[in-house]
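Notes follow the structure.
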Amino acid sequence: MLDKRYDFKKIEEGKVANWREKGYFLAGDTSKKPFSIIIPPPNVTGILHIGHATDNTFQDIICRYKKAKGFDVLYLPGVDHAGIATQAKVDAKLKAEGIDRFQIGREKYLEEAFKWKNEKSGIIHAQWEKLGLMLDYTRERFTLDEGFQDAVFLVFKRLYDEGLIYRGERIVNYDPEMKTALSNIEIVYKEDKGHFYYFKYRFVDDKNNYLSIATTRPETMFGDTCIVVNPNDERYKDVIGKKVINPANNEEIPIIADEYVDINFGTGAMKCTPAHDPNDFIIGKKYNLAHPVIMNTDGTMTAECGKYSGLDRFECREKLLKDIESHDDLIKIEEITHQVGHSERSDAVVEPILSKQWFVKMKPLAERVLENQKTEHKVKFYPERFENVLTRWLSDIDDWCISRQLWWGHRIPVWYKKGSEELVVSKTCPGNTDEWYQDEDVLDTWFSSALWPFATLGWPKETPDFKRYFPTSCLVTGYDIIFFWVSRMIFQSLHFTNQIPFNDVVIHGLVRDPKGKKMSKSAGNGVDPIAIIDQYGCDSLRYYLATTAAPGLDIKYNEEKIASSNAYLNKIWNSARYVLMNIPNDFDANTKIDFNDLNELDKFIFVRLNETIAKVTGAMDKYEFGIACSNLYSFVYDDFCDFYLEMSKVSLSNEAYNKNSTYYTLITILKNILLMIYPFAPFISEEIYLSLPNHKDSIMLESYPEVDKSVSFDISNILFVKETIEKIRAYKVNNELKPNEKIKLFIKTSKNIDSLIPYIQRFTFASSITLTSEEVSGSSIIIDGGILYIQDDVSKEEKLATLNKQLESVLKDIDRSEHLLNNPNFLNKANPDKVKEEQEKYRKYLEQRKLIEEKIKNI
RNA sequence: GGAUGUUUAGCUCAGCUGGGAGAGCAUCGCCUUUACACGGCGGAGGUCAGAGGUUCGAGCCCUCUAACAUCCACCA
C-alpha cells in the first residue's frame, strides 16, 4: 500500500539505475520502427544548468512517449570538448595554481584538459541520471574521441580538396585574452562608454593647416596608410592627392577619395588602417595600400609602433594621447556610447587583426540548405517561424573562420614543408619529421559539433546504427544556438550524407529569472536544477518545465509553479491511494468487463478518458506539451478526482451497483492516467504503477493508451446529475445553509435517472428525493433538462433574491441569443449546425425565463 | 537601420483550424467529509495594450500606433 504522503525523495531514489540495469534504455529492437534523438552535447566546462534541464526534459518526454508508442527509441548521450570555453576554464584553473600553459607545453596541457573533461563529464552523468533521462549509455560519444577524429579529418580533407576550405589572409576578430581568432558569431556586441578622439593631421606642405580626423581607437593610428574622403565632398575637393602627417608616428600619408566614406559622419574624413578594420582592409586592397600589422594577437603593440612597442593596447592609447596632446595635435575628446565587440567566452574587447587563418567557403554550402528548405524534404521547425531565422542568416553569410590558436580541440590536419610553400592535408607527418611540421592551431569547436548527428552514429563508416537511426527524428534545442549549431549541422549533413540531419527541430525558449533577466553566473541569478530536484522532486521540475514552456517562448522561472506541480502529483498520488484502498484483495486483476456491461457512471468516465486520450495524443505528436498536460490535468482533476472518485464512493457502498464494474473502472482509468502522465513524471508513475494489480516489471514496458472507437455512450444523464449536485451546493452557499444541511429535493424531468438517485442523495445531503412530473412548491432552480425544487427553511426574501439573480442571467442569455438570431446574415452565412444549436439554446432560454417568472409570481 | 516576439484576472502565464474568456498562486466565505489541508465546496475578480479594417461573428485574421524584449547588421 502507498504511504499517506507523496514522498518524492523515497520514490525517485534508485529508479534510473534500476531501469538502466534492466536494459530499458537500450535501443536496438529491430522489430520496431526506429526513433532517434541525439542529445545536444553539453560542454564539459562545468555542471548542467536549468537550460540543459529544459532541453533534456523535452527530449526525454519525447523519447518516453515514442517508446510507449511502440518505437525502438535511441536517445544517445555525449559531451562536447567545447574548445575555447573549456580551455578558458582550464587556463583559469592552472593560473590559480600559478601555471602558465606555455610553461608546461602542449602535451602536458592536454593531459590537464583531459583530466578536467573526465571530472566534469562524471558530474554531467550524475546529473543526467537525476533528471531521469533514458539515455543509452552504451552508445555514448565525445567530440574528441577516436571516431570523431576520423570524421573530422575526412570532412576537412574533402572540403579542402573541393576548394571549400582555404587558407587566407583576412581581418579576423582576435580575443587578446585567449590569444585566438574567433568567428563572427562568437562576438557579442555590447553598448560601452567610449571616446571619440579628434586629431590634427597636418598638411605636409602647410603645417599650420590640418584635417580633423576622429577615431575611437587611437592606437591603431600606427597602422594608418592614408586618409579617405568622399570625392563628392565639396569641403575636401582641393586636398585630394595632398599628403598629411600622421601625428602618431610623423609619417606622411596621402589623401585619397572613395565613395565609401559617409559625408555626414564625423568630420567626413576617415583614417584608413587596412590591417585593423574590415572596411579599411577592403579599401586597402582596392588601392593596393600597405597593411602594416601594429598589434599582436595578445593585444600588445608590435615593433611597428616604435617606442610604444610591447605596450598593452590600452596603455599605448593613454601614452599616445598624452604625447599627441603635448604636440598640440589633439583637438578634442567627445564622450560617446557605442557598440563594442567582446569575446563571447572571455569578455575581452576583441581586436580586428589581419592574419592568416583557415576558412570554410560558405556560399555553396549555405545555398544547398536554402534550396533544400524549399523542398518537401526540408527540416521542419517547431514553431515554424524559426526557419526564417536560419534562412535569413544563411542567405547573407560570410566565410567561416575555423582556425583557433588554442590547444584543446582537433588539431588542424595540415603539414607544412619547412622553407617552402608546400602543404599537405594529412593525419600524420607526410615525410621526414625534420622537414615537415604540423599547423599549430586547432579547429573551431563547432566544426566538430556540426558533425554530431551523423558522426555519433558511426559515420563515416556505414554502421548499422547509422543506417538505422539516421537521419535522426528530432532535435530539441534553444533558439540561441540556431546559428552556431543547427545551421552548421544541416549544411554539413547535406554535404556529406546527402540527407538532412534531423526531420524536426523543436525550439524552446530560454529560462529567465523571475524578473525576466537572462540567468548568468556573473549576475548570480541562476538556479541549479539539482537544487530544485532536491527540494521539489525531479517529477515536479519536469512537469513544470513541460507545462510552462510554450514553444519558442522564454520561460520566466517561477518557483510557485514548481510547488503547484508537486501538489498536482500529490493529488494523483492520493487518488491512487484511494483506488488501491478500495480494491479488495480478491479482485481478479485480469477482469475485463465489456463496455456495455458497465455501470452508467463508469461508462461516463470511460467516455471522458477516450476524449482525453485523443486530445493528449494529438498535442504530444505536435510537441505541444503544455496543451497535452492541461487536457490531462482537467481530466484528472475535474472528471476523475472531483467527480468520478467521489461518485464511486456511492457505487461501492450501494448494493444497486455492480461493484466489479467500479473496481475495473477505477483501476483502468488510473492506469491510463499514469501512462499519460508518465513521460512527464516517470518516477511517480512507475511507483504507483508497480502497486497496481497485475503490473509488468516496469511502466516502461507498457504501451501508450489508444482511443477506443467502440466506446459510445450518451452522457447527458450523468451531466444532469453533475449539474444538479453543483446547483444544490451553490444554492446552499448562497442561502447561508451548511453544506450538509438536510433539504427535501424534488426533480422534475423527463429523463430516466432513477438509477442515479443515490449519487444525488449523497452529495446534496437530501433527506428525500422525489422525481415528479408536477410543479412543486419551494425554491426552484432551472437546469439543463429539468427543474429542481428545494424545500427548506429559507425566507421568502432570500428566495426571491435567488430567483431574481437567475432571471437576470437568463435575460442576458436571451439578449445575446436574440441578437444573433435576428441577424439574417448569421442565419444565412453561419455554419448551419451553429444556427441550429443557437435556436435550440434560445428555445431553452425562453422556457427557463417563463418558469422563473412564474416562480417569482408565486412567491 | 532591418527582423522577430510579447502585451489576456492582483501576480505568473495558457488559450491548438475565428463560434459564449481559462489555469496556478494570491484573495473572500463555508467545511476536519475514511484518497488528499500539498485538501474539498462555493464566490469575487478581465474594454483580451490602443485605433481602424475583414467577417453573420475577432483574444485569434489584416493595417497602423504604443510599450517592452530578443536577434541580426552596424560607419571611422
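By convention in this document, chain letters (A, B, ...) are assigned in the order of the sequence lines, proteins followed by strands, and residues within each chain are numbered from 1.
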Contact class for [X] vs. all strands (heavy atom < 4.0 Å): base, sugar-phosphate, or nothing?
X	value
A/D642	sugar-phosphate
A/R816	base
A/L553	sugar-phosphate
A/Y633	sugar-phosphate
A/D277	nothing
A/F763	nothing
A/F483	sugar-phosphate
A/V228	nothing
A/R762	nothing
A/C272	nothing
A/D262	base
A/K841	base
A/E560	sugar-phosphate
A/S564	sugar-phosphate

In whole angstrom, give me the gap between the P atoms of B/U27 and B/C68.
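Each nucleotide's P atom is 32 Å from the other's.
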
Take atom P in B/U55 and the same atom in B/C13, then report the distance between them in whole Å.
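To the nearest whole Å, 36 Å.
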
Tell me the partner of [N], counting only Watson-Crick (N1-N3 plus N6-O4 or O6-N4) or G-U wobble (N1-O2 and O6-N3) with both under 3.5 Å; none if nothing fits.
N	result
B/U63	B/A51
B/A3	B/U70
B/U17	none
B/U34	none

Would you say [X] reaches [N]'s phosphate, i.e. side-chain N/O to OP1/OP2 under 4.0 Å?
X	N	result
A/N279	B/C75	yes
A/K556	B/A69	no
A/K738	B/C31	yes
A/K571	B/C38	no
A/K649	B/A35	yes

Counting only side-chain heavy atoms from C-beta out, which of [options] sits nearest to [X]?
X	options	answer
A/A730	B/C16, B/C25, B/G43	B/G43
A/N574	B/C36, B/U55, B/G19	B/C36
A/T216	B/A76, B/G15, B/A37	B/A76
A/V733	B/C16, B/G29, B/A76	B/G29
A/E646	B/C38, B/G19, B/C36	B/C36
A/N558	B/U12, B/G29, B/G19	B/U12
A/F826	B/G29, B/C56, B/U12	B/C56

Are [X] and [Y] ion-paired here, with the side-chain N under 4.0 Å from a carboxylate O?
X	Y	result
A/K649	A/E646	yes
A/D233	A/R235	yes
A/K615	A/E624	no
A/E351	A/R313	yes

B/C75 base stacked by A/F265? Criteria: ring centres under 5.5 Å, plane angle under 30°.
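Stacked: ring centres under 5.5 Å, planes under 30°.
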
In whole Å, what is the span from the [atom1] atom of [X] to the [atom2] atom of [N]?
X	N	atom1	atom2	result
A/Y189	B/A73	OH	C1'	9 Å
A/F281	B/C75	CZ	P	16 Å
A/K829	B/A58	NZ	P	13 Å
A/E334	B/A76	CD	P	12 Å
A/I627	B/U17	CD1	C1'	12 Å

For A/P514 and A/V389, find the nucleotide of RNA chain B closest to each by heavy atoms; which residue's nucleotide sits nearer the 5' end?
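Between the two, 5'-proximity favours A/P514.
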
Could you check A/N823 against A/A269 and say which one's nearest nucleotide on RNA chain B is further toward the 5' end?
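Counting from the 5' end, the first nearest nucleotide belongs to A/N823.
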
Can you name the side chain to side chain donor-acceptor pair (under 3.5 Å) partners of A/Y845, sequence neighbours left out?
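None.
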
If the condition is side chain to side chain donor-acceptor pair (under 3.5 Å), which residues does A/Y189 pass it with, not counting sequence neighbours?
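A/Y189 satisfies side chain to side chain donor-acceptor pair (under 3.5 Å) with no residue once adjacent residues are dropped.
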
Any side-chain donor paired with an acceptor under 3.5 Å for A/S779 and A/Y731?
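A pair is found: one side chain offers a donor N or O, the other an acceptor, under 3.5 Å apart.
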
Report the residue from A/D539, A/N566, A/D534, A/I684 that forms a side-chain contact (heavy atoms from CB on, under 4.5 Å) with A/F8.
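With A/F8 as partner, side-chain contact (heavy atoms from CB on, under 4.5 Å) holds for just one option, A/N566.
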
